[in-house]
There are 2 protein chains.
Amino acid sequence: MVQKSCTEAGGRPRGRPRSFDPDTALDRAVEVFWRLGFEAADTDALASAMGLTKPSVYAAFGNKEQLYLKALQRYGQRGRAEITALLEAAPSMRAGINAVFNHMAERVSGQHGGSGCLLTCVAAQSAHSMLPVREILEAGIAARDKAFTEFLRSGIARGELPAGFPVERRASLMNDLLSGLALRARAGASLEELREIGASATEAILAGA
Amino acid sequence: MVQKSCTEAGGRPRGRPRSFDPDTALDRAVEVFWRLGFEAADTDALASAMGLTKPSVYAAFGNKEQLYLKALQRYGQRGRAEITALLEAAPSMRAGINAVFNHMAERVSGQHGGSGCLLTCVAAQSAHSMLPVREILEAGIAARDKAFTEFLRSGIARGELPAGFPVERRASLMNDLLSGLALRARAGASLEELREIGASATEAILAGA
DNA sequence: GGAAATTTATACTCGATGGTACAAAAATCT
DNA sequence: AGATTTTTGTACCATCGAGTATAAATTTCC
C-alpha cells in the first residue's frame, strides 16, 4: 500500500483541480433559494447562478436537496455568528438588542439577497415535508433562544438588569419578534418600518429593566 | 334578447348542476396547500383531496395559481373573523389577548390542517415570486395590526389601559409575536410550549398597563 | 512521458406535472 | 320531446426539470 502521498496538507488531491470555491458557490445558491424557495429554484438556474455547470454542482454537493440543506446550514451559521459578534461587542443591553434588530432589518430588507429570512420565510414551508429542514429550523431557533438568554443573563451579572429579570421569556420574545420582522419584510415593509418595529421591540424586551 | 329566465334567485343556472360545494372543496385545498406549499401541492393531489376531478377544479377555480390565491384569501378571512369574534367577546384586555394566543396556538399546532400558519409559513415564500400573494400577505398583516389596535384603543376607552398606552406599537408587537408562534409550531414546538409563549407574550403586550 | 484520477462540458433521458380534448351525463328552456 | 347548456370523467399531451452518460480536459504519481 502506501500509495497516497497527499491526503494531508499541502499537496493537491490528485486529479483535475476544482475551478471554483465551494463556499462562494454555496453563497450564490443561498441567494437563489432565498428568493425562490426550494422547488421554484430549478437546478439550471442554481448552477448558472453558482457559476458552474450542473454536473459540477452534483459532483460537489450531491443533489438538490443536499445543496438546499447545506445552504440552509451555511445561512444559519453565518447569521448566528453575526448576532453573536454584535452582542459581544455591545456596550449595553439596549445597544446590543438594538444592534441586532437594525442588523436584521437590513439583512431582511431585500438589499442583501432575497427579502425576508431564508429560514423564517422559506425553510418554514419545506419544514413540513423535509424532516432535516425541520430539524435545522428547530436547531436555529433554539440557538438564538440560547444566545439571547445568555446575553440577557450577562446583563444581570453586569448589574444592568434586575436579578429577577425573566431572561428566557424575553429571549424567546426577542426571537419571535425577529420572525415577525422577517415576515413583514417579505410582505414588502420598508426599511424604515422595519427600524420602527425594531425600536418598539427593544422597548418591550427590556420592559421592567 | 331576453333569453335568460333564471339569473336571479331560485332557478338553477341552466346546464348540469354542480355536484359539489365550492367552499368546502376550497377548504380541502387550503389544507393541502397548508401542508405542502404551492409547488409541492400537485394538481392531482389537490383534485383528489377536494373530492373532484381535475377538469372540475379548473372549471371552478381557473388554474392552480388562482386556486391558491382563493385558498389564501379564504384562510385569511376565516382567521380574521375568528380573531375579531374572540376580541369582541373578551371581558378584558388580558382575556382577549390570551384568547387570541391560545386560539392561534391550537390552530397552528398541527391538529387542524397543517402545522404553522398558511400565511406566515407558506405564503411568505411565494410572496416573492407571485405578486398577488405578497399583496394578500401585506393586507393580512395590516388587517391584524388594525384589529389589535382597535382592540387596545377600546381598552383605553374602557379605562382599562392608561391614556398614553402605545396602542399601535403593542398591536404590531402582538402581530409579530403571532408570527413567531406560527414559526415555532412549524418547527415542531409542542402545544404546551406554544401556550407558554402565549402567556409571556400577553405580559409583554400589556406591560405598563 | 504515460497511466491514473478527477473535474468539466455537452447533450441526453425520463418521469412528473400543469393543463386540456372529447364524449357522456344531467339539468333547463321552449 | 328535443335543443341547448353546463358539468363530469377518462385519457391524453406537451413541457419542464432533476439527474446522468460520456468524452474531453487538467492535474498528480511513477
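Just so it is clear, the model here is predicted, and its values are computed rather than measured. A note on names: the letters A, B, ... follow the listed sequences, proteins ahead of strands, and every chain is numbered from 1.
Here the side chain of B:Arg14 is nearest to one of C:dT8, D:dC29, C:dT28, namely C:dT28.
In this structure a side-chain-to-backbone donor-acceptor pair under 3.5 Å is missing from A:Arg186 to A:Cys121. Side chain of A:Arg80 to main chain of A:Gly76: a donor-acceptor pair is present (N/O by atom type, distance under 3.5 Å, no hydrogens or angles).
In terms of heavy-atom proximity, A:Asp145 sits nearest to A:Ser172 at OD1-CA, 3.4 Å. Considering all non-hydrogen atoms of both residues, A:Ala123 and A:Tyr68 come closest at CA-OH, 3.6 Å. Heavy-atom minimum distance, B:Leu86 versus B:Val100: CD1-CA, 4.1 Å. Closest non-hydrogen pair, A:Phe165 versus A:Ala207, comes out as CE1-O, 3.7 Å.
Contact between the side-chain N/O atoms of B:Ser19 and the OP1/OP2 oxygens of D:dT7 is not found at any separation under 4.0 Å.
One interatomic measurement links the two molecules: CZ of B:Arg18 to C1' of C:dA26, which rounds to 15 Å at whole-angstrom precision. Counting to the nearest Å, the P atom of C:dA16 and the CG atom of B:Leu36 are 16 Å from each other. For B:Phe61 and C:dG18, the CZ to P distance is 16 Å, given to the nearest whole Å. The interatomic distance linking A:Phe20 (CZ) with C:dT8 (C1') rounds to 10 Å, in whole Å.
Against DNA chain C, the stretch residues 123-130 of chain B makes no heavy-atom approach under 4.0 Å.
The neighbour count for B:Arg134 CZ, taken as heavy atoms of other residues, nucleotides or ligands under 6.0 Å away, is above 12. More than 12 heavy atoms of other shown residues, nucleotides or ligands fall within 6.0 angstrom of atom CZ in B:Arg74.
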Might you work through the side-chain hydrogen bond (donor to acceptor under 3.5 Å, both in side chains) test for B:Glu203 and B:Ser200, ending with a clear yes or no?
CA-CA 5 Å; B:Glu203 292 307 315; B:Ser200 57; over 6 Å; no
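Remark: B:Lys70 is not positioned above the aromatic ring of B:Phe61, lacking an NZ or CZ atom under 6.0 angstrom from the ring centre and at most 45 degrees off the axis.
Side-chain atoms of B:Ser129 and B:Ser126 include no donor-acceptor pair closer than 3.5 Å.
The terminal axes of the helix from C:dG1-D:dC30 to C:dT30-D:dA1, fitted over 5 pairs per end, subtend an angle of 10° to the nearest 10°.
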Take nucleotides 18-26 of chain D nucleotide by nucleotide from the 5' end and write B, S or -, depending on whether a protein heavy atom sits under 4.0 Å from the base, only from the sugar-phosphate, or from neither.
BBBB---BB
